[in-house]
Structure formats: C-alpha cells, structure tokens
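Have a look at the structure below, then the notes.
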Amino acid sequence: MRTHHCNELRSAHIGETATLIGWVNTVRDHHGVIFVDLRDREGVTQVVFRPEENAAAAAASHKLRDEDVVQITGKVAKRLEGTANDKIATGGIEIVATELVIVNKADVLPFQLDKELSNEDLRMKYRYLDIRRPRMSRNLRLRHRVTKATRDYLDEAGFCEIETPVLSKSTPEGARDFLVPSRLQPGAFSALPQAPQQYTQLLMVGGIEKYFQIAKCFRDEDLRADRQPEFTQIDIEASFVGQEDIISLVEGLLGRIFKEARNADIPQTFDRITWREAMDRYGSDKPDRRFGLELTDLADTFANSSFKVFSGALQSGGTVKAINAKGFANITTGQVEALTQIAVQAGAKGLAYIQVRGETPDTWRSPITKFLTPEELEALKAKLNIETGDLILFGAGPWEQVCEILGRVRLACAEYQKLLEGNEELNFLWVTEFPLLAFDDEAGRYVAVHHPFTRPLAEDEAKLLNGELSTGLRAQAYDVVLNGHELGGGSIRIHEGPLQSAMFRALGISEEQAAEEFGHILDAFRFGAPPHGGIALGLDRLVMLICNEHSIREVIAFPKNNKGSDLMSLSPAEVDPKQLRDLRIQTAKKPQ
RNA sequence: GGAGCGGUAGCUCAGUUGGUUAGAGCGCUGCCCUGUCACGGCAGAGGCCGCGGGUUCGAGUCCCGUCCGCUCCGCCA
C-alpha cells in the first residue's frame, strides 16, 4: 500500500521510490506528458506520466477523471528547472509514475469540489462529497482538536468522563422533548435528553465530585443557523465548588482549546459584568463588546419633560435610554425603516431618532426635537456627546423592554456601519447574577430563568424560602460569552431538599407534581448531597466561532436542514406498519 | 405561526420598459497538443426558466396561489 501521504514528499526524498494513493484532484493532459495532482486529506502531490517510463500506465492515465481513486508508484524526482510550484508544499518535487492502479473509478460529481457551492440542498444530499472539500475537512478535524483538548484538560484537572442515559424521562419544563415510544410498556414514552443536567447532579450525590461529558443533547424546537435539533455540549459538574471555581476552570479550558485549535492566546481571566449591567449598557444578556454604541440613561433629563412619551414612561416606573451611533447621520431611509421594524418587533411603538446634521439643534433632523425644550436638547448634547454626523436613537418604556429594543437596534447599527469588518478580536465575557425567576404572562406564574435547580444568590435565599417572590431575585448563574454569542451557561445548584421544595413552590409546581416529576432528585438530596455546580458549553457554537463560520452546520458532519430533515438519508421518514404495531401506535400518516 | 431574500444548463450566475431561436464561466463529451499546475486550442451535447393558475397577440420577466432552500422573529428551562 502507500508509503507516504500526499503532503509528505520533499526534496530530501528525491531518488526514492514511493507509492501514493488518493483521489485524482486534476488531470492536465498534454498528450505526450500527463500531469495528475493526487490528493489525500493531507495535501496534493503532482504525478507525471511519460510514455517512455511506462507506456501502458501513460496510456491509462489519459482516461483518468476527477475523483477517481488511484494508486501510483514511481520515483520521486526534482521538478524541471523553472517548473516548481511554490503554492503547494510538495511543489519542488513530482512522482514520475512507473505504475498506475485504478482502484475505483468515480462518476462525474454533482458539483465541483474546488468551487464555492451555494445550493444547501445539494450539499446536504451529497454531504460525503461536501466533506471532501478542504473547508469541511478542516472544520471537522479542527472540531476533533477541540474535543481532544477538552478531554486532555479536564482529565488533567481530575475530571472523569461519564456517559449519562440518552433514553430518559420527559420533563415538562423547558424545551419540547423528542419522545421515544416504549414497546415493552405500550403507551409510555421516554424522551431524549435536552441536557444531561439532572443525571449530573445525581452523579454529584454519588460522590463522583468531578464529572464531565461531551454529550449529545436534543431539543425539538425550530432550527436556526446556530441551532440544530441534536447538538453537543461540553457538560461539566463538580462538588464542593463555588462560582469562582467553575469560572476559573472554564477560563483555563477555553485557553487550552484556543491554544491547541487555533494557536491563539486568549486572556487568562475574562471581564465580568452582572446581568443587570449587561442589559443596562448593551441591551443584551450576551453583549458583543467589540464595539461601543452603549445605551445611555436619560431619566434625569426627561423626568419632568413636557414630551409625554418620555416623561410618561419614567413616571410609570420605566426608563428612557438612547444610543449614539457616531457618524451614522447619513443613514438611508430604508435603514431607518428597518431599524424601526426591529424596534417594533421587540415591542416598541416606534423608534425616535435624531440625525445630527450640524452643531445646533435647529439643524437636526428628527420627528421629536420639536417637542423638546432648548434646555433638554442641550442636556442631551452633553450627555450623549453629540457631534455633527451622529445618529441618536431613543427608547422609552419598561426598563427591560427598552434595553432589549435598543440592544437589537445597537447590533443592527453595528452591522450597517460595518463596525466589525475585519475584526479578529476574541472578546470573552462573563455575565453573572442572572435573575432567578421570570414572570410568564401567558402561564400566569413564575418560571425559572436558568432551570429549577439553580441556586439563588446567598442574600436572596431567605426570600425564596419565605415565598417573597419577584423577578428581582438573583441566581448564582453565569454565562460565558464570546463576541456576542453565548458559549455556555451554568449555575451553582440547590443541594438541599427544603430550598429545592421552595423553588418548586415558587414555580407553581405542586408537592404531588414535584414528587412525581422530580422525586428522585428530592430523594437524593436527603442522603447527604454535596454542594455542587457546573456549566455546559455549546461545542458546536464554540467550534463554529473557532472556524470563523456563520452556521453550526459547517462544523457538524451530518446536520439537518431548516425543517429538521437529513436530506442525505431522507430522515425523518414513514416507517413499516409493523414497527408501529409493535409500539401500539395507530397512525403516523403525515397530515396533507 | 409570522417576516425577508432566493429558485433560469450538472455547478456558479446574467437575462434591460413583457417581444424572434434563453446566455456566460466552470464542468461534461470528442478531437489536437511532451512541462503543466485555474494548462491551452477546436468542435459538441446539455433548459418543464421550481410547480399550478391568471393577465396579454405574446410571460423567465407582470399578478395570484403553492412547494422548496436560506436568514430572522416567535419558540429554544
């Protein structure tokens, strides 16, 4: 078989006999002399066929087509003077073929591997060919570097990789489950795990102390560029730790990953801000801090304004905020409309703005300046550092909503202004002190912001126990953010029965229901559960960012399309009626 | 569930205010070529313009519907 791969032979090998095997990358047939670029996963080596070396092989080489698998034996030779190719690492040499074995002919491919391909259907249908392309091959091998670095780092830190069940119990909280019907117990169902988290807590009760898993997780929700129904998490849980321990562990882990996968040195510690500050300044719980455009609070300026949109919002307990998009006064009408639409989608009634055309307010273009007093305009100018050419965008209303609206407007402005073009920065950030509870208007009750096992901040613990509920309660929950993407999130967990019961009560889960759904957890907490906490990092997103890709599909070997289908194997699909009979499932006809 | 963008040759795309026989590059097939590396040259094949309906003398182009893909919102503890 092969003696070398296709990115191995150099001038030092000249004179040796070598056997290579791989795919025909290109054929350049000059009739008398034929060049074949032979490719394997490592690279490309030029092979030259000459009739005088082996007439039969040279004759056969005329028939070679792209992507045939061939084995070639020949002498490594220095290329003729002036014909070296410095674009490839093997460009100084070539193989003068004395033997050609056509291992497997290839049909004409449905697309060219060396050209960009925009037809996603076709890529997915022939994913095995797509993977042959350098981009996908590089991404998948880089993904391996990341999981390898993860395992090495966590192993060295004393963590133990343990598999948790894929067939597990469906839980009502959280995302929609993928259900698996039980044959042995007709009418009963398992679910595929949305996260291993409940089992990992039980591993802590089991005394494992340091656990991790590179775990497949499943959520039956709509897809996005960064969301697939099955995805992978780096799941970590540890006992006798606090938030600081998890944070420094993850900082070290990401340092190792970026070093080994991308040879990048990232900060040893990341900046931290609280959730409240993140919302207040950036209008997002995963702020992209590679650019400014921060939100400025204008409560002082408009508390008593005669402009009711602003003063009314403040008087009813809300807020008024603005961002100054420096130098964006030349925004197009279409962009104003688009920004307004973004704001409205986020719950705004409209989007007030000022296009700053000159020094003095009379030169400003705006639908609202006519309602503002000269003093208010002066105060604005000072507070927002307004200069000619700026664009000011306002939000007024309930605090969290205003933050979210301007947060989205902020991102859109950055995109329009191309603030991130060519930016190679890796901006890591911890967001801490997430709220413990959010109020779900539809359900008419509180829901867990993270999950129902999240521990409140020590100073808010008594309130939870006493049932003094509010969205102001904070959790020992933290997210790690990279360039505006949530890389992962975790929390210190509740490990005592009474506190856990209080949490269930807060969420409107009855004692009976808690016993039924989570009885095993409450049981476990009775037998000496250690304090513990953990985090889960989204592996697909992490690798996507390391690969500079814009969709996690580019770093998953066989992903699903927008409708959740595998276009290669055509799954999901109808099944044999016998299988359904075994499962006591009566109908599975697609609604038409 | 909603919004936006797209669907023309195997692939990537162009196609003007509706107007003869729908184009280009790459790929493919055949022939020529002994130093190319995006080889070159000559010739050729290849189209339900996503699908259905409508307007019109005439539709790739306009209108309605529908399917598919992508992106976003909702949703994703």
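On a predicted model such as this, the values are computed, not experimentally measured, just so you know. Reminder, nothing fancy here: chain letters follow the sequence lines and each chain counts from 1.
Between A:Leu567 atom CG and B:rC70 atom C1' there is a gap of 12 Å when expressed in whole angstrom units. In this entry the distance linking CG of A:Leu122 with P of B:rC13 reads 12 Å, nearest Å. The NZ-C1' distance, from A:Lys563 to B:rG1, rounds to 13 Å in whole Å. Atom-to-atom, CG of A:Asp222 to C1' of B:rA3 comes out at 14 Å; the value is rounded to the nearest Å. When the P atom of B:rG6 is taken as reference, atom CG of A:Asp121 falls 17 Å away, rounded to whole Å. What separates CG of A:Leu80 from C1' of B:rU34 is a distance of 11 Å, to the nearest Å. Regarding A:Leu113, its CG atom lies at a distance of 15 Å from the C1' atom of B:rU12, rounded to whole Å. The interatomic distance linking A:Asp114 (CG) with B:rC26 (P) rounds to 12 Å, in whole Å.
Place A:Asp66 and A:Ser565 on RNA chain B by their nearest nucleotides, and A:Asp66 ends up nearer the 5' end. The 5' end of RNA chain B is approached more closely, in terms of each residue's nearest nucleotide, by A:Glu52 than by the other of A:Glu52 and A:Met124.
Closest approach to the A:Glu120 side chain among B:rC76, B:rG69, B:rG1 is made by B:rG69 (side chain taken as heavy atoms from C-beta onward). For A:Thr83, taking side-chain heavy atoms from C-beta onward, the closest of the listed nucleotides B:rC28, B:rC37, B:rG69 is B:rC37.
Relative ring orientation between A:His62 and A:His31 is described as tilted, the plane-to-plane angle lying within the 30° to 60° band. Below 30°, between 30° and 60°, or above 60°: for A:Phe453 and A:His451 the angle between ring planes is between 30° and 60°, a tilted geometry.
A:Glu433 has no carboxylate O lying under 4.0 Å from a charged side-chain N of A:Arg276, or vice versa, which leaves the two without a salt bridge. Salt bridge present: A:Arg553 and A:Glu120 bring a charged side-chain N and a carboxylate O closer than 4.0 Å. Classification of A:Arg474 and A:Asp460 as a salt-bridged pair holds, one side-chain N sitting under 4.0 Å from a carboxylate O. Note on A:Glu516 versus A:Lys169: no salt bridge recorded, every NZ/NE/NH1/NH2 to OD/OE distance being 4.0 Å or above. Note on A:Lys75 versus A:Glu94: no salt bridge recorded, every NZ/NE/NH1/NH2 to OD/OE distance being 4.0 Å or above.
Across all strands shown, B:rC5 is found opposite B:rG69 as a Watson-Crick or G-U wobble partner, with both distances under 3.5 Å. Judged by Watson-Crick or G-U wobble contacts below 3.5 Å, the nucleotide B:rC28 has B:rG44 as its partner. As the counterpart of B:rA22, no nucleotide is assigned, since no Watson-Crick or G-U wobble pattern has both distances under 3.5 Å.
One finds a side-chain N or O of A:Ser118 lying less than 4.0 angstrom from the OP1 or OP2 phosphate oxygen of B:rC13. At B:rU29, one or more side-chain N or O atoms of A:Arg65 fall inside 4.0 Å of OP1 or OP2 (strictly under the cut-off). In terms of phosphate contacts, A:Arg227 brings no side-chain nitrogen or oxygen within less than 4.0 Å of OP1 or OP2 of B:rU71. Regarding contacts with the backbone of B:rC39, a side-chain N or O of A:Arg28 is found under 4.0 angstrom from either OP1 or OP2. Regarding contacts with the backbone of B:rU71, a side-chain N or O of A:Asn562 is found under 4.0 angstrom from either OP1 or OP2. A close approach under 4.0 Å does not occur between any side-chain nitrogen or oxygen of A:Lys115 and OP1 or OP2 of B:rG27. Within the 4.0 Å cut-off from OP1 or OP2 of B:rC73, not a single side-chain nitrogen or oxygen of A:Arg408 is found. Between B:rC37 and A:Thr26, no contact under 4.0 Å exists linking OP1 or OP2 to a side-chain N or O. Note on A:His30: every side-chain N or O is 4.0 Å or more away from OP1 and OP2 of B:rU34.
Across all strands, A:Ala195 comes closer than 4.0 Å to base atoms (heavy-atom distances). A:Glu486 comes within contact range of no nucleotide atom at all, as no heavy-atom separation falls under 4.0 Å. Residue-level contact check: A:Leu109 touches neither bases nor backbone, having no heavy atom under 4.0 Å from any strand. Nucleic acid contact class of A:Glu94 (heavy atoms, under 4.0 Å, all strands): base. Nucleic acid contact for A:Asn119: sugar-phosphate only, since backbone atoms but no base atoms lie under 4.0 Å from a heavy atom of the residue. The residue A:Val449 sits close only to the backbone: its heavy atoms come under 4.0 Å of sugar-phosphate atoms, none of a base. As judged by a 4.0 angstrom heavy-atom cut-off over every strand, A:Arg123 is placed among residues making no nucleic acid contact. Within 4.0 Å (heavy atoms only), A:Ala84 reaches at least one base atom of the nucleic acid. Using a 4.0 Å heavy-atom criterion, one finds that A:Asp220 contacts no nucleic acid atom at all. Among the atoms of the strands shown, base atoms are found under 4.0 Å from some heavy atom of A:Asn85.
Comparing the C1' positions of B:rC70 and B:rA43 gives a spacing of 40 Å, expressed to the nearest Å. Comparing the C1' positions of B:rA38 and B:rG27 gives a spacing of 13 Å, expressed to the nearest Å. Nucleotides B:rU8 and B:rG15 are separated by 14 Å at their P atoms, to the nearest Å. B:rC39 and B:rG47 have their C1' atoms separated by 30 Å, given to the nearest Å. Comparing the C1' positions of B:rU56 and B:rC63 gives a spacing of 12 Å, expressed to the nearest Å.
Annotation: side-chain contact (heavy atoms from CB on, under 4.5 Å) contacts of A:Val447 (sequence neighbours excluded): A:Ala438, A:Asp440, A:Arg445.
Remark: the A:Arg224 side chain and the B:rC70 base include no donor-acceptor N/O pair separated by less than 3.5 Å. If you check distances only, the side chain of A:Gln112 does reach the base of B:rG10 with a donor-acceptor pair under 3.5 Å.
Of the possible donor and acceptor atoms, none in the side chain of A:Asp68 sits under 3.5 Å from a partner among the backbone N and O of A:Val70.
You cannot call A:Phe111 stacked on the base of B:rC11; the centres under 5.5 Å and planes under 30° rule is not satisfied.
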